Number of protein chains: 2
Amino acid sequence: MASAAGVSISTASKALNDTGRMGAETRERVKRIAGEIGYRPNALARGLLSKRSFTIGLLTNDTYGRFTLPVMAGISDALVDHGVSVFLCAIEDDPALAQIHVDAMLDKQVDGIIATGKRLDRRLPVDLSNLHVPVVYAFTEGTQNSVTFRSDDEQGARLAVEWLVKAGRRRIAHLTGPEEFFSVRERAGAYHEVAGHCEPVLYGVWSESWGHEAVEQLWKRPGEKPDALFCGNDQIARGAVDALRERGVKVPQDVSVIGFDNWEIVAAQTRPPLTTVDMELKELGRQAGLTVLALAEGRPVEPGVRKLPCRLIVRQSCGSKAAGECE
Amino acid sequence: MASAAGVSISTASKALNDTGRMGAETRERVKRIAGEIGYRPNALARGLLSKRSFTIGLLTNDTYGRFTLPVMAGISDALVDHGVSVFLCAIEDDPALAQIHVDAMLDKQVDGIIATGKRLDRRLPVDLSNLHVPVVYAFTEGTQNSVTFRSDDEQGARLAVEWLVKAGRRRIAHLTGPEEFFSVRERAGAYHEVAGHCEPVLYGVWSESWGHEAVEQLWKRPGEKPDALFCGNDQIARGAVDALRERGVKVPQDVSVIGFDNWEIVAAQTRPPLTTVDMELKELGRQAGLTVLALAEGRPVEPGVRKLPCRLIVRQSCGSKAAGECE
DNA sequence: CGAAGTTGGTAAAAGCTTTTCTCAGGCTAC
DNA sequence: GTAGCCTGAGAAAAGCTTTTACCAACTTCG
């Protein structure tokens, strides 16, 4: 114990926390000795008293970590300065497992829970609505009166299509995932608003092979071919780019392609590298982290859904305006 | 408090923990009431006394999560039954950040730490050798007298090359990553042992474009072309397969290709899907978790490096023996 | 010089469990 | 009938911090 090294016991606490009255010299001495012997207060004991464990839980059903990892990075980034550590709990759509993890976190007196997933329109398989700790939802559907952070897919899609239009493209097709996904419908809606109904929307699945196949379908049709493809995610875009290359269609000279997600492993390795929409998941995580912290500290937070803007990542699959490759 | 509902205070503890002497009827009653009011003991208070927090830390510098996520899944899988939760700390090769996370974990009295990374021959940028909690290394280089789990890359490579040989391939080339990687040298060594020195080893970088370029190099050379490629990872393999397709070389009919890592997003989306070597990282995580738990409980564990066997995942890029496609 | 205020520090309680000790009452046995 | 034992349950301590209350000594002022 640090106090043994110094002179007292409760004085040590006050010295280290800069509270209470005491001689400046005593305070300094205690601090110095504490530093020398590497004293660090026991967070368990502290938490027992303060009702704050400086710990939060991150619950996710995203096994691949495609969405969870950036969110986690943002949370951790925002909270490490506040001394908060994060329990990561991967529940694989298994309600029983989810409940076990939630119980374990509550037992450990987490200050709050962030729920995240892989889909904006699905709930985690566990009810978090009546916990006595704050819950924030990020990239998953929240409950009534909760705080939910999500990407603004409509704005992201608009960004992409407007970029294509500005580049002079007029026959912009949209290849995307299953229509039952909320974000698919949102992105398609924005696409229609900006591009009109000149080209069809092709719904499919989230895979490269679907992107490949969709291009086959489009190019087999009679009449003019699209001069741009806005794809629902990077995998579809990659499949599309591969299919175009095999057909001898040049990207970006003949056709511009834009993806969605900015999943580097896919987007950056495509030839040419994909221009794509980044959902800024790290920023989303950062805000979710700060919000759950605010709630844990009792600061008021307005409930509701916060849409965070996406950002266009320009690579070579579309060419840059500056370089004039899109023209 | 549960005791208020029941009759006493310390009796409640004994009832719930099945310790001490007391009437069977009392014990049952306390348990029943505890269940009814949903009483759950405070893990902080319990940990303060027992010196066990039922919490461990996972330290990683693998930002993508390619290696960390499966390891984490294994750890969590093994430890959730024991009531242990996991702090995930992503340090990005930043010693200061790493130290902050380690300190935070120690403050929170973690029962142990698992260090993991993205490379077998690199240390994390923080010294964990003299902590007063057990440390286990998984997929990263450990310290003297530590327990380290790693994949048996030699055995994995042998598995792959033997499979090619059994399939009748004789001119097996090896495209791989930078020679300074320990696992690259180990895999190349095993390759040489099994395949002889019939074909060269092409060292490069861990990217698709290198796989692509390596195939160009090989096929530009005069003389017979390889009839199989053993690639250092799935990305290289994917680049190679793409290059072969563009040259009109059929996979797996003309050339068999095997990758390494079984990174599903790459391996399964390649056309044809890649046969590849899986390092069984989840199992590795499971064992690391059980080991750190054993150490935390004071059970003796032999120090040293444990190599875990890899497994061959057969997809279509090599054809299966059974289907006779490799012949 | 005595009363009031200031200063520097300690003692104690609280937070929640678990474990050990103690105690009161009922029982057995001599 | 009483000494000793067993049983069931409560009291208390420990684990580590923080906070509040308190106390002794010293200073200041009338």
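Every value quoted in this text rests on a predicted model; they were computed, and no experiment measured them. In what follows, chains are A, B, ... by sequence order, proteins preceding strands, each numbered from 1.
- To the nearest angstrom, P of dT17(D) lies 12 Å from CZ of Arg40(A).
- The side chain of Ser8(A) sits closest to dT10(C) out of dT18(D), dG15(C), dT10(C).
- Spacing between atom CZ of Arg21(B) and atom P of dG26(C) amounts to 16 Å, rounded to whole angstrom units.
- One interatomic measurement links the two molecules: NZ of Lys108(B) to C1' of dC16(D), which rounds to 16 Å at whole-angstrom precision.
- In this structure, Asp107(A) atom CG and dC16(C) atom C1' are separated by 13 Å, rounded to whole Å.
- Classified by interplanar angle (parallel below 30°, tilted 30° to 60°, perpendicular above 60°), the ring pair Phe181(B)/Trp206(B) is perpendicular.
- Residue-level contact check: Arg27(A) touches neither bases nor backbone, having no heavy atom under 4.0 Å from any strand.
- Taking 3.5 Å as the limit, the base of dT10(C) and the side chain of Lys14(A) contain a donor-acceptor pair of atoms between them.
- The distance from atom CE of Met22(A) to atom P of dA11(C) is 14 Å, rounded to the nearest whole Å.
- The side chain of Asn42(B) approaches dT17(C) more closely than any other nucleotide in the set dG10(D), dC16(D), dT17(C).
- Within 4.0 Å of Thr26(A), counting heavy atoms only, lie sugar-phosphate atoms of the nucleic acid but no base atom.
- Atom CD1 in Ile9(A) sits roughly 10 Å away from atom C1' in dT10(C) (whole-Å rounding).
- Remark on DNA chain D: of its neighbouring residues Leu48(A) and Thr19(A), the 5'-side contact belongs to Leu48(A), judged by nearest-heavy-atom nucleotide.
- Qualifying side-chain contact (heavy atoms from CB on, under 4.5 Å) partners for Val126(B), counting only residues two or more places apart in sequence or in other chains: Leu59(B), Ala98(B), Gln99(B), Val102(B), Leu124(B), Leu128(B).
- Using a 4.0 Å cut-off between charged side-chain N and carboxylate O, Glu141(A) and Arg122(A) make no salt bridge.
- Neither OP1 nor OP2 of dA9(D) sits under 4.0 Å from any side-chain N or O of Thr11(B).
- Between Tyr39(A) atom OH and dT18(D) atom C1' there is a gap of 10 Å when expressed in whole angstrom units.
- Sparse packing is recorded around CG of Asn130(B), with 12 or fewer heavy atoms of other residues, nucleotides or ligands lying under 6.0 Å away.
- In this structure, of dG15(C), dT18(C), dT17(C), it is dG15(C) that holds the atom nearest to the side chain of Ala45(A).
- Closest approach to the Ser10(B) side chain among dG15(D), dG8(D), dA12(D) is made by dA12(D) (side chain taken as heavy atoms from C-beta onward).
- Distance CG (Leu49(A)) to C1' (dT18(D)): 5 Å, rounded to an integer number of Å.
- Other residues, nucleotides and ligands contribute over 12 non-hydrogen atoms within 6.0 Å of the CD atom of Glu36(B).
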